[in-house]
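Source: prediction; values computed, not measured. Residue numbering restarts at 1 for every chain, and letters A, B, ... go by the order of the sequence lines. These numbers come from the heavy atoms of this one structure, side chains and all, not from hydrogens, waters or symmetry mates.
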Protein chains: 2
Amino acid sequence: MPKSIARTYSQYSRDAAALLGSLIREARNEHKLTAQELADRAGISRGLLQRIEKGNLKCEIGAVFEVATIVGIKLFEADGNALTKQLHHTKEKLTLMPKSVRRKSRKVIDDF
Amino acid sequence: MPKSIARTYSQYSRDAAALLGSLIREARNEHKLTAQELADRAGISRGLLQRIEKGNLKCEIGAVFEVATIVGIKLFEADGNALTKQLHHTKEKLTLMPKSVRRKSRKVIDDF
DNA sequence: TTATTATGTTCTATATATGAATCAAAGGAA
DNA sequence: TTCCTTTGATTCATATATAGAACATAATAA
């Protein structure tokens, strides 16, 4: 990760992460799960779980999704099956669309 | 990250990430945005965007949220304002709940 | 109150995700 | 077809997120 400069995030992204973290925290309490227990189930450290619950945007999305799934927070869809359905549908749409994005040539316009 | 062993993810998490990636890809095409352009707007590299669209679970959630937000994919809520409302509501609930999870003492039962 | 457990916080070593560069392959326009 | 662009797929150097430990603080039960 060379040339890295502190990344900026939009307010919406920060709110979304904070909300998801709070939802996880709430769900964990309702499930009567210790931070350590939930972390163990998700295969992550307690420290990482804490950062997730705080809405830290630098956590890997896989860890966040795992934790959310364990405590019963459904991403995107209410019933589980709809997820894969929508996935297949989306992928079918993709095959029918142009493979690459291409706008009108800039080169030709620029030089003359 | 010591003692790291290839992390495993649930099928649901993998599907969720794959779906989100496909949705991003689709939205990007509809917005007529080049991968490079979207990556620039999100402040990430094109390679990272590629992995996000592939549903790679090891990407940082902040980058994924940024990209999703830019192409108009709303996380969790349809209208933007409801997000913060729900956030405040959730945090209020948290203050009314026990601060820590504690089950009946195991020590006392175990030894005697 | 006291004892015990959960959570918060900081630190360090290291595994690894990321940015950048490169090349190949594919796609769309003329 | 030929050109130009976009995308896919590598590779590598390095910035950094993570695991783990240690400790402090907070919170619950008795």
Side-chain angles (χ1 to χ4, degrees), chain A residues 1-7 9 17 21-22 24-26 28-29 31-40 42-64 66-67 94-112, chain B residues 1-7 9 17 21-22 24-26 28-29 31-40 42-64 66-67 94-112:
Chain A
M1 196 197 283
K3 282 297 176 51
S4 179
I5 304 170
R7 209 173 271 171
Y9 302 99
S22 293
I24 289 173
R25 175 67 177 248
E26 184 181 358
R28 177 170 70 81
N29 285 338
H31 284 244
K32 296 281 188 287
L33 280 176
T34 290
Q36 188 65 60
E37 290 172 337
L38 178 53
D40 289 342
I44 66 176
S45 66
R46 187 169 66 93
L48 177 53
L49 175 59
Q50 250 189 121
R51 291 169 55 220
I52 292 174
E53 292 185 345
K54 270 191 171 184
N56 190 310
L57 284 164
K58 293 187 175 294
C59 306
E60 72 172 52
I61 195 171
V64 180
E66 279 300 300
V67 171
L94 279 179
T95 63
L96 298 177
M97 295 178 63
K99 310 293 179 167
S100 63
V101 174
R102 182 178 291 247
R103 277 177 306 312
K104 49 179 75 84
S105 172
R106 290 169 286 237
K107 184 92 170 300
V108 180
I109 300 180
D110 290 349
D111 60 24
F112 66 96
Chain B
M1 196 196 284
K3 284 294 178 53
S4 179
I5 302 171
R7 210 174 268 171
Y9 301 99
S22 293
I24 290 172
R25 174 67 177 251
E26 185 181 357
R28 178 170 69 81
N29 284 338
H31 285 245
K32 296 279 187 287
L33 279 176
T34 290
Q36 188 64 59
E37 291 173 337
L38 178 53
D40 289 343
I44 66 176
S45 65
R46 187 170 66 93
L48 177 53
L49 176 59
Q50 251 187 108
R51 293 169 55 220
I52 291 175
E53 291 185 346
K54 269 190 169 184
N56 189 310
L57 284 164
K58 294 189 175 294
C59 307
E60 72 171 53
I61 196 171
V64 180
E66 278 302 298
V67 172
L94 279 179
T95 62
L96 299 177
M97 296 178 62
K99 310 293 181 171
S100 64
V101 174
R102 184 178 289 252
R103 277 178 305 311
K104 50 180 75 83
S105 173
R106 287 168 290 233
K107 184 90 171 301
V108 181
I109 300 179
D110 290 348
D111 62 23
F112 68 94

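- Protein atom NZ of B:K58 is 22 Å distant from nucleotide atom P of D:dA15, rounded to whole Å.
- Between the NZ atom of A:K54 and the CD1 atom of A:I24 there is a distance of 15.0 Å, given to the nearest 0.5 Å.
- Between the P atom of D:dA9 and the CD1 atom of B:I52 lies a distance of 16 Å, rounded to the nearest Å.
- End-to-end axis angle of the helix from C:dT1-D:dA30 to C:dA30-D:dT1, from C1' rotation axes over five pairs per end: 70° (rounded to 10 degrees).
- Across D:dA19, D:dT18, C:dT18, the shortest atom-to-atom separation from the side chain of B:R51 is found for C:dT18.
- Residues satisfying the side chain to side chain donor-acceptor pair (under 3.5 Å) criterion with B:K32, sequence neighbours excluded, are absent altogether.
- Here the P atom of nucleotide C:dA17 and the CZ atom of B:R7 are 9 Å apart, to the nearest Å.
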Output a table of nitrogen or oxygen pairs between the protein and nucleotides 24-27 of chain D separated by less than 3.5 Å.
unit_1: D:dA27; atom_1: N3; unit_2: B:R102; atom_2: NH2; d: 3.4

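- Separating the CD1 atom of A:I61 from the P atom of C:dT18 is a distance of 11 Å, rounded to the nearest angstrom.
- Side chain of A:I44, nearest nucleotide from D:dA19, C:dG19, C:dT7: D:dA19.
- For the pair B:L57 CG and C:dT16 C1', the computed distance is 15 Å after rounding to whole Å.
- Here C:dA17 presents its C1' atom at 9 Å from CD of B:E60, a figure rounded to the nearest Å.
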Give every pair of a protein N or O atom and an N or O atom of nucleotides 8-12 of chain C that lie under 3.5 Å apart, one pair per line with the distance.
unit_1: C:dG8; atom_1: OP1; unit_2: A:R25; atom_2: NH1; d: 3.3
unit_1: C:dG8; atom_1: OP2; unit_2: A:Q50; atom_2: OE1; d: 3.3
unit_1: C:dG8; atom_1: N7; unit_2: A:R46; atom_2: NH1; d: 3.2
unit_1: C:dG8; atom_1: O6; unit_2: A:R46; atom_2: NH2; d: 2.9
unit_1: C:dT9; atom_1: OP2; unit_2: A:K54; atom_2: NZ; d: 3.1

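- The side chain of B:L48 has C:dG19 as its nearest neighbour among D:dA17, C:dT7, C:dG19.
- Across all non-hydrogen atoms, the minimal contact from B:G43 to A:R7 is O-NE, 4.0 Å.
- Following rounding to the nearest Å, B:Q36 (CD) and D:dT7 (P) show an atom-to-atom distance of 9 Å.
- Where B:V101 and B:A63 each meet DNA chain C at their nearest nucleotide, the meeting point lying more 5' is that of B:V101.
- In this structure, CG of B:L33 is placed 18 Å from P of D:dT5, rounded to the nearest angstrom.
- In this structure, A:L38 CG and A:I44 CD1 are separated by 6.5 Å, a value rounded to the nearest 0.5 Å.
- In this structure A:E53 satisfies the side chain to side chain donor-acceptor pair (under 3.5 Å) test together with A:R25, A:R28, sequence neighbours excluded.
- Qualifying side chain to side chain contact (heavy atoms under 4.5 Å, CB included) partners for B:R51, counting only residues two or more places apart in sequence or in other chains: B:L48, B:N56, B:K58, B:C59.
- Distance check: B:L57 CG to A:E60 CD gives 7.5 Å after rounding to the nearest 0.5 Å.
- In this structure, B:N29 CG and B:T34 OG1 are separated by 9.5 Å, a value rounded to the nearest 0.5 Å.
- The side chain of A:S45 contributes no N or O atom lying less than 4.0 Å from OP1 or OP2 of D:dT18.
- A distance of 12.5 Å separates CG of A:L49 from CD of A:E66, quoted to the nearest 0.5 Å.
- Between atom CD of residue A:E26 and atom NE2 of residue A:H31 there is a gap of 10.0 Å, rounded to the nearest 0.5 Å.
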